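Heads up, the thing below is written out as structure tokens.
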Amino acid sequence: MVINHKILENAGAIIKNYIASENIFTEGESANYYFQIVSGNVKMNNYDESGKESIQHLLEKGDCIGESLLFVDRSYPMNAVALNSCEILSLTKEKFLALLKENPKICFEMNKSISEKLYYKQIMAQNMCTQSPTVKLKTLMDYMKSFGCVEKRFTFQIPLTRQQMANLTGLCVETVIRALKKMERDGKLLTENGKILY
DNA sequence: TCATTAAAGTTAT
DNA sequence: ATAACTTTAATGA
């Protein structure tokens, strides 16, 4: 969790509820709130001209959404969409910035949060340029696994659908499936009724 | 080699 | 039930 729940509520944050596929914000809007997930999952995405979806980030409980836009005078370059029922704490930009000014510890946590997302972006930016689909998927899965507690081989279940992995890497689903099968053949991962163990 | 299209099977809502 | 996801196969850049 980036900011303590109580602190946020004391600062004036309220809980908003969202249903699956509901937009939290959309591309082009200006950022007026700080959002932090209490429960549920959220994706940040874009669509290209042909309608193909690209997923920027997948977020879960404790993560904040689009916080970097609160520090620059720009509109959102992507959408934030609830993947399931979500409870999200929201605090106005003004109150959020005031909270940071008077609380260095929270400010530090915010830096950590933004840096973590930047780290992911840096890894993926390089990844997207690499040609090989297996390398792209390996990089993505290594990153996901780095959050898992257990380090044993084939114990971490990738919490993504193949469709999501395709949208995260810019590959098409069919290529993801073929690449994963190849990796399974090469003993890089295990599969258990569709679930990927890495 | 990978994307695209199509078609069919499977899972989740 | 219906939509979303998975898989296989054929074709083309």
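Please read these numbers as outputs of a predicted model, since none were measured by experiment. Every heavy atom of this structure was used, including side-chain atoms; hydrogens, water molecules and symmetry mates were not. A note on names: the letters A, B, ... follow the listed sequences, proteins ahead of strands, and every chain is numbered from 1.
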Rounded to 10 degrees, the angle between the two terminal axes of the helix from B:dT1-C:dA13 to B:dT13-C:dA1, each from five pairs: 20°
Summary of salt bridge (charged side-chain N to carboxylate O under 4.0 Å, His left out) pairs that have at least one residue in residues 124-145 of chain A, sequence neighbours excluded: A:K138-A:D142
Residues passing the ring-ring contact (aromatic ring centres under 6.0 Å, His included) test with A:Y76, sequence neighbours excluded, are A:F25
Pairing residues for A:S39 by the side-chain contact (heavy atoms from CB on, under 4.5 Å) criterion, not counting sequence neighbours: A:E87
Just to verify, what does A:F156 make a ring-ring contact (aromatic ring centres under 6.0 Å, His included) with, not counting sequence neighbours? none
ring-ring contact (aromatic ring centres under 6.0 Å, His included): which pairs involve residues 163-183 of chain A, sequence neighbours left out? none
Which residue pairs pass the salt bridge (charged side-chain N to carboxylate O under 4.0 Å, His left out) test with at least one member in residues 44-62 of chain A, sequence neighbours excluded? A:K43-A:E53
Residue pairs passing the side-chain hydrogen bond (donor to acceptor under 3.5 Å, both in side chains) test with at least one member in residues 169-182 of chain A, sequence neighbours excluded, are A:K182-A:D186
Tell me which pairs pass side-chain hydrogen bond (donor to acceptor under 3.5 Å, both in side chains) where either residue lies in residues 91-109 of chain A, with sequence neighbours left out. none
Contact letters for nucleotides 5-13 of chain C, in which S counts primed atoms plus P, OP1 and OP2 and B counts the base, heavy atoms under 4.0 Å: SSBBB----
Does a side-chain heavy-atom distance below 4.5 Å link A:C64 with A:K117? yes
Which residue pairs pass the ring-ring contact (aromatic ring centres under 6.0 Å, His included) test when at least one of the two sits in residues 115-154 of chain A, sequence neighbours left out? A:H57-A:Y120, A:Y120-A:Y143, A:Y143-A:F147
Nucleotide range of DNA chain B lying under 4.0 Å from chain A heavy atoms: B:dC2 to B:dA6
